[in-house]
Amino acid sequence: MSQAETTIREALAAFDFGGQVVGAVRHGQGHINDTFCVHTQAGDGPCRRFILQRLSSVAFHDPAALMENIVGVTRYLRRMIAEQGGDTERETMTVLPTCSGENYFTDSEGSAWRVYTFVEDTICLQSAETPALFAASARAFGRFQQMLKAYPAETLHETIPRFHDTPNRLALFRAAVEADPLGRAAGVRREIDFVLARAQDCSVAAEALREGKLPLRVTHNDTKLNNVLIDRKSGEGVCVIDLDTVMPGLAIHDFGDSIRFGANHSAEDERDLSKVNFDLSLFAVYTEGFLAGAGGALTEAEITYLPWGAKLMTLECGMRFLTDYLEGDHYFHIRREGHNLDRCRTQFKLVADMEAQWDEMAGVVERCRA
Ligand code: ADP
Ligand code: GN1
Ligand code: MG
């Protein structure tokens, strides 16, 4: 048995699934954790599914703190959902404890594993197949923000320090260019220059926060479309998942990360850049849905800064992909040579498109505000 199989077996044995495990297969398209779908069966009963995840040790250094955040946030959300007459089993995630009552398991190699119940009858989209589905995701992320409005932020651990601190991401990027451990910088001069030409932009949100124009809130921080499960029948956003980075942050970043990923018709790693185009009408659809979902939780200044959220999250993400490419692809899972570079290029194409439609983006935001 390979070492990978040994550790997955160890992990499966550590949780009480309430039935026999009949299979575990890789699942989903996340870039960070290793995700498996576990199938179980109790006697003649129906098959039940669970999500088993090995946390990325590159991204997350303190699994105990991270899981404490998730348990705290999901417990709080469950209370809010119950108060609003929602379905507490489906509208937030449920952590399955280990046989010894812990919220995660550490295997013999030191990796942390956790289990969630599988939210059934949902779909997970890799692209905005229709504007209506994109609007549904927007309402779900907006509502997530609204529901956590009064969450005690001081109880949250910072699972990835300075996660969306764009000026710091720029500094890390510059250091990677400087170190250039694999000699890749010379081949990506154009992409490097694209970032450097926007160095000042990187500070816009951070400065607005420092000046008190934008408030710090409890935010999700990883709001791409495949981090919300959509109800198969109604097409509504049912459950926001991937809560590893719920931390104090900026609402415009949550908004912006969704735009980065969803307001276009191509994959994040599309190689044919002629297919990668920022879609202003999807931007409008998302803006309307997000504001409706947030239900008045956003300040006037936050609404004004929404286009900046979109541009900065896209630029930052492209910069992170490029940094990882330069450093040897340690952080994001890759499936081919140059994968992070391909991803970086789509992000920069989208940034350029947004710059070309900047006034129109502001116009959309003003119409939605009204
Ligand atoms: P990563 O951090 O690597 O992105 P995620 O937590 O987003 O990992 O999970 C990866 C994928 O697994 C999701 O995009 C989704 O398809 C699926 N998934 C995660 N949690 C659940 C769940 N509770 N129910 C159903 N599917 C889930
Ligand atoms: C990662 O975990 P996942 O695949 O949902 C990353 C995000 C990036 C995204 C780019 C913890 O998201 O920050 O925007 O990839 N998550 C983490 O697709 O770094
Ligand atoms: Mg994810």
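One-based numbering along the sequence shown. Atoms within a ligand are numbered from 1 in the order they appear, just like the ligands themselves.
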**Request:** Identify the protein heavy atom lying closest to atom 19 (O) of ligand 2, giving its residue, its atom name and the separation to 0.1 Å.
**Result:** Tyr331 OH, 2.5 Å
**Request:** Please write down residue, atom name and distance for the protein heavy atom closest to atom 10 (C) of ligand 1.
**Result:** Thr35 OG1, 3.7 Å
**Message:** Centroid separation under 6.0 Å, is that true for the rings of His31 and His333?
**Reply:** no
**From the candidates Leu225, Leu243, Asn227, the one that places a heavy atom nearest atom 7 (O) of ligand 1** = Asn227
**Prompt:** Against heavy atoms of Gln53, which atoms of ligand 1 measure under 4.0 Å?
**Reply:** 5 (P), 6 (O), 8 (O), 9 (O)
**Message:** Looking at ligand 2, is there an atom of it that comes within less than 4.0 Å of some heavy atom belonging to Phe261?
**Reply:** no
**Message:** Is the contact between Asp222 and ligand 1 made by the side chain, the backbone, both, or neither, using heavy atoms and a 4.0 Å cut-off?
**Reply:** neither
**Message:** Taking 4.0 Å as the limit for heavy-atom contacts, which would you say applies to Asn227 with ligand 2: side chain only, backbone only, both, or neither?
**Reply:** side chain
**Request:** Let me know which of Val246, Ile241, Thr245 forms a side-chain contact (heavy atoms from CB on, under 4.5 Å) with Leu243.
**Result:** Val246
**Message:** Taking a cutoff of less than 4.0 Å between a non-hydrogen atom of the residue and any ligand atom, is Arg343 in contact with ligand 2?
**Reply:** no
**Item:** Distance filter under 4.0 Å to Cys124 heavy atoms, resulting ligand 1 atoms
**Value:** 14 (O), 15 (C), 16 (O)
**Message:** Using every non-hydrogen atom in the two residues, find where Gly237 and Ala140 come nearest and quote the distance to one decimal.
**Reply:** CA-CB, 4.0 Å
**Asked** Is ligand 2 under 4.0 Å from a heavy atom in the side chain of Arg320, in the backbone, in both, or in neither?
**Response** side chain
**Request:** Verify whether the ring centers belonging to Tyr286 and Phe255 lie closer than 6.0 Å.
**Result:** yes
**Prompt:** If you measure from each heavy atom of Ala59 to ligand 2, is any distance below 4.0 Å?
**Reply:** no
**Fill in**
Excluding water, the protein N, O or S atoms sitting under 2.8 Å from the Mg ion (ligand 3) are Asn227 OD1, Asp242 OD2
**Asked** Checking side chain to side chain donor-acceptor pair (under 3.5 Å) against Arg49, which of Glu120, His27, His39 comes through?
**Response** Glu120
**Asked** CD of Glu89: more than 12 outside heavy atoms within 6.0 angstrom?
**Response** no
**Message:** Applying a strict under-4.5 Å side-chain criterion to I, L, V, M, F, W and Y, I'd like to know whether Trp308 and Leu170 cluster together.
**Reply:** no
**Prompt:** Can a cation-pi geometry be assigned to Arg184 and Tyr325, taking NZ or CZ under 6.0 Å from the six-membered ring centre and within 45° of the ring axis?
**Reply:** yes
**Contact (N/O only, under 3.5 Å) between His164 and ligand 2** = no
**Request:** Identify which of Val95, Thr117, Asp34, Ile241 has a heavy atom lying nearest to atom 23 (N) of ligand 1.
**Result:** Thr117
**Request:** Looking only at distances, please establish whether an N/O atom of ligand 2 is found under 3.5 Å from an N/O atom of Thr245.
**Result:** no
**Prompt:** Does NZ or CZ of Arg139 fall inside the cone over Phe141's six-membered ring, less than 6.0 Å from its centre and within 45° of the axis?
**Reply:** no
**Asked** Can a cation-pi geometry be assigned to Arg343 and Phe321, taking NZ or CZ under 6.0 Å from the six-membered ring centre and within 45° of the ring axis?
**Response** yes
**Shortest non-hydrogen contact between Thr166 and Glu316, atoms and distance** = OG1-OE1, 2.9 Å
**Asked** Taking atom 16 (N) of ligand 2 as the point of reference, which of Asp242, Asp222, Asn33, Thr223 owns the nearest heavy atom?
**Response** Asp222
**Prompt:** Would you say Arg260 contacts ligand 2, with heavy atoms under 4.0 Å as the rule?
**Reply:** yes
**Residue, atom name and distance, where the atom is the protein heavy atom closest to atom 14 (O) of ligand 1** = Asn226 O, 3.0 Å
**Item:** Protein heavy atom at shortest distance from atom 17 (C) of ligand 1
**Value:** His27 CD2, 3.7 Å
